[in-house]
Q: 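The structure follows.
Along the sequence shown, residues are numbered consecutively beginning with 1. On a predicted model such as this, the values are computed, not experimentally measured, just so you know.
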Amino acid sequence: MNTPGRYILLVLGIIISLHYLLSFTHESYGRATSLSNIKSKIIGPQQAPPTIADTYYGYGHPNETLAVDRRANATFVILARNSDLSGTIRSIREIEDRFNRKYRYPYVLLNEEEFTDDFKKRISVLTPSKVEFGLIPRDHWFQPDWIDEDRATKSRDKMVADNIIYGGSVSYRNMCRFNSGFFFRHPLMEKYRWYWRIEPDVHFHCDINFDPFVFMEDKKKVYAFTITMYEYEATIPTLWGHVRDFAKLHPEYVAENNAMGFMSGNGGEKYNLCHFWSNFEVADMNFWRGPAYTAFFEYLDSKGGFYYERWGDAPVHSIAAALFASRDQIQFFDEIGYEHNPYTHCPKLGNNWEKGRCSCDPARSFDYDGYSCMNKWDRFMDL
């Protein structure tokens, strides 16, 4: 080889050696001169793969740590007594393991009495998320003074004689009224828009590898459920009549394309008793705080049916969602395996059960039990 050729090879060797030396010792130089960076300069940047916030149902490897770059203004809410400590621990531990260890949403726990220090300590160690403990204002919980106690007592006594569950309980009625019209007004809840209701001693059977809050916010949903069933008619004998009267007084609040057809097969003349089981619900508190529901709750509350009968928050919330929201604003979450004894929803659609690594048995899911309203919901949504 001639002399100029040898010099050229020598120079190239020195340049290549310096390049590799600088690549290993200077990170910024290595990135700038990498083949992938040079490629992007020539043909333009490649689109990044979608994140879970974009796909909602982007299931990954169960052991991977998800980078959550977006959360909704949301909280879990748990109504519990000090005596519910063990059941509350189990519920929080399961929702943490199945969902919230990745998303870190806060918790608000509410009680009509002050939580004990032991309760607070044992709950707070379960999660790195923010946990707040609140006392329910007296006028939000206890039976109003204007209720005719003689009439209310006679009603309770009759329900006890008729063997109606919680028929004689005033505290159960307090809870139903509070969940119907007051929990979203509590000072600790006012800063949030979205909530996920959790009760003591419930079970979450599947990994929840998407954010229900973000999904509902983006899709403009207002209410979500996992179980729907019939109400016990003896607990709400006059409720539907008052609902119809309110709708006549305020037709401006009734939504177009509403879900009334799910709850009545004859244009609203008679209530078929179907409702969403509200011990699980994910919902938009702006809906409850809005003028339609505020007027609706105040109207119903003035009739005294929470105490003269045994109106539950489940039919009250369900009827309101069916009347004042459009049908496409109500979401059924098949993906969320959920159990509140004695009923369980276990995913059946597509491969949701496999994706969620569910511990429940799909064959024992309540969805199409004779007491379930899921068939009615399916038929209504297919119309």
Side-chain angles (χ1 to χ4, degrees), residues 74-138 140-142 165-180 182-183 186 188-189 192 195-208 212 225-227 229 277-283 312-314 333 336-346 356-361 364-366:
T75 185
F76 295 103
V77 61
I78 302 175
L79 183 63
R81 292 192 170 104
N82 290 304
S83 57
D84 295 321
L85 176 58
S86 295
T88 306
I89 288 173
R90 285 191 289 271
S91 295
I92 293 177
R93 186 65 269 160
E94 289 198 21
I95 196 63
E96 282 291 308
D97 291 344
R98 290 297 198 172
F99 171 74
N100 204 44
R101 63 186 174 83
K102 294 175 287 191
Y103 293 92
R104 304 287 179 88
Y105 280 105
Y107 293 82
V108 172
L109 288 92
L110 301 175
N111 189 351
E112 81 268 26
E113 298 178 347
E114 291 284 359
F115 284 109
T116 65
D117 290 340
D118 183 60
F119 189 102
K120 294 177 183 178
K121 180 177 71 173
R122 294 190 61 192
I123 294 297
S124 297
V125 300
L126 299 174
T127 173
S129 298
K130 181 179 182 180
V131 181
E132 294 182 284
F133 301 90
L135 178 66
I136 297 171
R138 182 176 178 83
H140 287 186
W141 183 261
F142 290 99
I165 188 170
Y166 303 121
S169 174
V170 176
S171 63
Y172 186 83
R173 288 168 168 82
N174 291 341
M175 179 194 70
C176 290
R177 180 172 177 261
F178 173 75
N179 281 329
S180 293
F182 295 100
F183 80 92
H186 192 280
L188 293 180
M189 297 293 289
Y192 298 111
Y195 74 96
W196 182 333
R197 178 173 162 183
I198 294 178
E199 295 205 348
D201 221 5
V202 298
H203 301 285
F204 295 92
H205 289 292
C206 308
D207 289 344
I208 305 166
F225 70 98
T226 57
I227 292 175
M229 63 174 63
W277 212 25
S278 60
N279 50 68
F280 171 100
E281 58 185 10
V282 182
D313 54 277
F333 277 132
I336 300 177
Y338 172 74
E339 178 181 351
H340 184 297
N341 188 51
Y343 303 117
T344 300
H345 162 68
C346 194
R357 303 190 304 150
C358 300
S359 60
C360 54
D361 180 358
R364 300 184 64 185
S365 184
F366 176 72

Q: Let me see the working for L135 and F115 under side chain to side chain contact (heavy atoms under 4.5 Å, CB included), right down to the final yes or no.
A: CA-CA 8 Å; L135 178 66; F115 284 109; over 6 Å; no
Q: Listed by chain and number, what are the ring pair (Phe, Tyr, Trp, His ring centres under 6.0 Å) partners of W277, not counting sequence neighbours?
A: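 Testing W277 for ring pair (Phe, Tyr, Trp, His ring centres under 6.0 Å), a comparison that skips the adjacent residues, returns H340, Y343.
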Q: Does any N or O in the side chain of R93 come within less than 3.5 Å of the main-chain N or O of I89, such that one atom is a donor and the other an acceptor?
A: no
Q: What residues form a salt bridge (Lys or Arg N to Asp or Glu O under 4.0 Å) with R173, not counting sequence neighbours?
A: none
Q: Could you pull out all residues at least two apart from E339 that satisfy side chain to side chain contact (heavy atoms under 4.5 Å, CB included)?
A: H203, H205, T344
Q: Taking ring pair (Phe, Tyr, Trp, His ring centres under 6.0 Å) as the definition, give me every residue that meets it alongside Y192, ordered by chain and number, with sequence neighbours left out.
A: none
Q: Could you state the interatomic distance from CD1 (I95) to CG (L126), rounded to the nearest 0.5 Å?
A: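 Separation between the atoms: 13.0 Å.
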Q: Any non-hydrogen side-chain atom of L79 less than 4.5 Å from a side-chain atom of F183?
A: no
Q: Examine distances only and state if a side-chain atom of D84 and a backbone atom of T88 form a donor-acceptor pair shorter than 3.5 Å.
A: no
Q: Quick check: do I227 and F280 have side-chain heavy atoms less than 4.5 Å from each other?
A: no
Q: Quick check: closest heavy atoms across H186 and P137, and the distance to 0.1 Å?
A: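 Nearest heavy atoms, H186 then P137: CD2-CD, 3.8 Å.
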Q: Given the rule in the side chain to side chain contact (heavy atoms under 4.5 Å, CB included) test, do Y195 and M189 qualify, once you have shown the distances and angles that lead to the verdict?
A: CA-CA 9 Å; Y195 74 96; M189 297 293 289; 4.1 Å; yes
Q: Do the side chain of R197 and the main chain of S278 share a donor and acceptor less than 3.5 angstrom apart?
A: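 Yes; at least one donor-acceptor contact below 3.5 Å.
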Q: Filter on side chain to side chain donor-acceptor pair (under 3.5 Å), then keep only pairs touching residues 113-128, sequence neighbours left out; what's left?
A: E96-T127, T127-S129
Q: Do I208 and Y103 come close enough that some side-chain heavy atom pair is under 4.5 Å?
A: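 A side-chain contact under 4.5 Å is absent here.
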Q: Just wondering, do R98 and C358 contact through their side chains at under 4.5 Å, heavy atoms?
A: no
Q: Just jot down the side chain to side chain contact (heavy atoms under 4.5 Å, CB included) partners of A74, sequence neighbours excluded, or say none.
A: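 Result, side chain to side chain contact (heavy atoms under 4.5 Å, CB included) vs A74: A72, Y105, W194, F213.
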Q: State whether the side chain of T75 and the backbone N or O of P106 hold a donor-acceptor pair below 3.5 Å, judged by distance alone.
A: yes
Q: If we ignore hydrogens and angles and just use 3.5 Å, is the side chain of E94 paired with the main-chain N or O of F204 as donor and acceptor?
A: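 Flag set: sc E94 to bb F204 pair under 3.5 Å.
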Q: To the closest 0.5 Å, what do you measure between CZ (F76) and CZ (F99)?
A: 5.0 Å
Q: N279: which residues meet the side-chain hydrogen bond (donor to acceptor under 3.5 Å, both in side chains) condition with it, sequence neighbours left out?
A: Y338
Q: Is a side-chain N or O of T226 found less than 3.5 angstrom from the main chain of H345, in a donor-acceptor match?
A: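 Between the backbone of H345 and the side chain of T226 there is no qualifying donor-acceptor contact (under 3.5 Å).
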Q: With a 4.5 Å cut-off on side-chain heavy atoms, are L110 and I78 touching?
A: no
Q: According to ring pair (Phe, Tyr, Trp, His ring centres under 6.0 Å), who are the partners of F178, at least two apart in sequence or on a separate chain?
A: W141
Q: Would you mind reporting whether V77 and I198 have side-chain heavy atoms less than 4.5 Å apart?
A: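 No, side chains not in contact.
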Q: The criterion is side chain to side chain contact (heavy atoms under 4.5 Å, CB included); which residues satisfy it with C346, sequence neighbours excluded?
A: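 With sequence neighbours excluded, C346 shows a side chain to side chain contact (heavy atoms under 4.5 Å, CB included) to W353, C360, P362, S365, given in chain and number order.
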Q: State, to 0.1 Å, how close P212 and W196 come at their nearest heavy-atom pair, and which atoms those are.
A: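 P212 and W196 have their closest heavy atoms at CG-CZ3, 3.8 Å.
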Q: Mind listing the closest non-hydrogen atom pair of S91 and V202 along with its distance?
A: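 Closest heavy-atom pair between S91 and V202: OG-N, 3.0 Å.
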Q: For a quick test of reading the model, state the closest non-hydrogen atom pair linking C176 to S180 and the distance between them.
A: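 The pair with the smallest heavy-atom distance is O-OG, 2.7 Å.
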Q: To the nearest 0.5 Å, tell me how far S83 OG sits from F119 CZ.
A: 9.0 Å
Q: Measuring from S169:OG to N174:CG, what's the distance to the nearest 0.5 Å?
A: 8.0 Å
Q: Once salt bridge (Lys or Arg N to Asp or Glu O under 4.0 Å) is applied, do any residues pair with E112, and if so which ones, sequence neighbours excluded?
A: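 For E112 the salt bridge (Lys or Arg N to Asp or Glu O under 4.0 Å) partners, ignoring immediate neighbours, are R81.
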Q: I'd like to check K130 versus E132 (side-chain heavy atoms, cut-off strictly below 4.5 Å). Are they in contact?
A: yes
Q: Please identify each residue that fulfils side chain to side chain contact (heavy atoms under 4.5 Å, CB included) with D361, with sequence neighbours left out.
A: A363, R364
Q: Hey, does N111 have a side-chain heavy atom less than 4.5 Å from the side chain of I136?
A: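 With C-beta onward as the side chain, the pair stays apart.
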Q: Give the intermediate values and the outcome of side chain to side chain contact (heavy atoms under 4.5 Å, CB included) for residues D201 and N341.
A: CA-CA 8 Å; D201 221 5; N341 188 51; over 6 Å; no
Q: With sequence neighbours left out, what residues match Y172 under ring pair (Phe, Tyr, Trp, His ring centres under 6.0 Å)?
A: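 Per chain and number, Y172 pairs via ring pair (Phe, Tyr, Trp, His ring centres under 6.0 Å) with Y166.
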